[in-house]
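Structure, as structure tokens:
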Number of protein chains: 2
Amino acid sequence: MKLSNNKVEIDGIDKEILRYLMEDARKPILEIARKIGISGAAIHQRLRKLESSGLISGSKFIINPKVLGYTTMAFIGIYLDKAMRNPEAVKQLKEIPEVIECHFTTGNWSILIKILCRDNEHLMSVLNHKIQTIEGVSRTETFISLDQQIDRQIGI
Amino acid sequence: MKLSNNKVEIDGIDKEILRYLMEDARKPILEIARKIGISGAAIHQRLRKLESSGLISGSKFIINPKVLGYTTMAFIGIYLDKAMRNPEAVKQLKEIPEVIECHFTTGNWSILIKILCRDNEHLMSVLNHKIQTIEGVSRTETFISLDQQIDRQIGI
DNA sequence: TATGAAAGGTTTCCTTA
DNA sequence: TAAGGAAACCTTTCATA
């Protein structure tokens, strides 16, 4: 149900279903159905409702980049020239596969990105040859993530 | 196959399977099997291999926090007193449900976190009553994400 | 909002190349 | 070591309450 403030209302059963599937998207629906005590078809119907409300944006297999040799994660604050149209810079950032997040932010920087590289040498090369060469990028500040301690979705 | 440099070697079929499942974790395996031209059982066997290599860390339903009323994302750089043991601060950050990422970083801050709040008022309350009250936190710098333009996994 | 039933998909095991 | 067939179980949709 969609409330006037545009939030979606979900009940305890919806939450229970989502908590299982947020942990493991391929958990058998019938297994969840037996734990909750309703039919599999009822769960499918609720999932369709949650999908059309926009609460569920999809499902993903999560791959571990370290196993592919991507061991260096970094945040980069980007200063853009006043003259530069931000959307053009973002368009170019999208072409860089190492860039995995990009945010327009308040504060000193115009843009904050998260990037994933094989090692420090690769990071330096992406900075010098891909980020710094984008038109309008005047300066960057790099923060390497030495260790990620928390990575989760909002609790429901 | 695990190479001496600890990277895992995957072939074109593995990549094709993963590309489908990284987009949609519940995509029918038999549908993928028909597109690739091998049996469903062969795909399951490859997925088991990829799981035991650690390349696949699991699967998740992705929920859209905006639909639950969480519209304000922010990054917070945290300065810790020298005396403070960082792991103790992280332990306390894990208890704050709004904190969805936490990184030890190089640079000015000890810790960089990403948080998800309902609105600016909620953000201010988390900062003042939850983050700043952690022992050892001396100062914070907040960057609100006005708009996230890129959010993806590493390409394979 | 929930159900049973039916058609098709998942997953495992065993066998084969 | 990688692939396929078969069997038991699960998913998904539909008609229906």
Side-chain angles (χ1 to χ4, degrees), chain A residues 1-64 66-69 153 155-156, chain B residues 1-64 67-69 153 156:
Chain A
M1 188 194 176
K2 207 158 193 177
L3 305 176
S4 55
N5 57 10
N6 212 39
K7 278 197 288 190
V8 166
E9 209 177 43
I10 59 177
D11 68 12
I13 292 178
D14 291 329
K15 286 186 188 174
E16 209 171 340
I17 296 166
L18 286 174
R19 277 195 283 257
Y20 284 118
L21 293 171
M22 285 168 73
E23 279 301 304
D24 174 6
R26 288 192 82 98
K27 191 173 191 71
I29 302 296
L30 278 186
E31 198 178 316
I32 299 171
R34 281 189 297 266
K35 290 192 200 215
I36 296 182
I38 60 175
S39 70
I43 294 190
H44 280 282
Q45 201 166 299
R46 281 168 175 269
L47 286 173
R48 272 200 297 276
K49 183 197 69 184
L50 292 169
E51 254 161 51
S52 62
S53 79
L55 176 52
I56 296 174
S57 330
S59 63
K60 287 187 182 1
F61 260 55
I62 307 300
I63 69 144
N64 179 356
K66 287 185 185 162
V67 175
L68 290 175
Q153 296 191 66
I156 59 154
Chain B
M1 187 194 174
K2 206 157 194 177
L3 305 176
S4 54
N5 59 9
N6 211 40
K7 279 198 287 190
V8 165
E9 210 177 42
I10 59 177
D11 68 11
I13 294 179
D14 291 329
K15 285 185 188 173
E16 210 170 339
I17 296 167
L18 286 174
R19 278 195 281 257
Y20 285 118
L21 293 171
M22 285 168 72
E23 277 302 304
D24 175 6
R26 290 192 79 99
K27 191 173 192 72
I29 302 296
L30 278 186
E31 198 177 318
I32 300 171
R34 281 190 296 266
K35 291 192 198 210
I36 296 181
I38 59 175
S39 69
I43 294 192
H44 280 281
Q45 200 166 300
R46 281 168 177 272
L47 286 173
R48 271 199 298 276
K49 184 197 68 184
L50 292 169
E51 254 161 51
S52 61
S53 79
L55 176 54
I56 297 173
S57 326
S59 63
K60 288 190 184 354
F61 260 55
I62 307 300
I63 68 145
N64 178 355
V67 175
L68 290 175
Q153 296 190 67
I156 59 156

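Bear in mind that the values here come from a model prediction, so they are computed numbers and not experimental data. Labels below follow one simple rule: chain letters A, B, ... track the order of the sequence lines, proteins then strands, and each chain is numbered from 1.
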Inset, instruction - Test A/Glu16 against A/Ile32 for side-chain contact (heavy atoms from CB on, under 4.5 Å), laying out the working first. - result: CA-CA 9 Å; A/Glu16 209 171 340; A/Ile32 299 171; over 6 Å; no
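The heavy-atom pair separating A/Ile63 from B/Ile156 by the smallest distance is CD1-CG2, 3.5 Å. The two residues B/Ala33 and B/Gly40 have their closest heavy-atom pair at CB-N, 3.8 Å.
The interatomic distance linking A/Ile32 (CD1) with D/dC10 (C1') rounds to 12 Å, in whole Å. With rounding to whole Å, B/Asp11 atom CG is found 10 Å from D/dA2 atom C1'. The separation between B/Ile38 atom CD1 and D/dA2 atom P is 11 Å, rounded to whole Å. Between B/Ile36 atom CD1 and D/dA3 atom C1' the separation is 13 Å, expressed in whole Å. Separating the CZ atom of B/Arg34 from the P atom of D/dA3 is a distance of 18 Å, rounded to the nearest angstrom.
Using a 4.0 Å cut-off between charged side-chain N and carboxylate O, A/Lys27 and A/Glu31 make a salt bridge.
When atom types are taken as modelled, the side chain of A/Gln153 and the backbone of B/Phe61 share a donor-acceptor pair closer than 3.5 angstrom. Side-chain N or O atoms of A/Arg26 include none that pairs as donor or acceptor with a backbone N or O of B/Ser59 at under 3.5 Å.
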Inset, instruction - Starting at the 5' end of nucleotides 10-17 of chain C, put B wherever the base has a protein heavy atom under 4.0 Å, S where only the sugar-phosphate does, and a dash everywhere else. - result: BBB-----
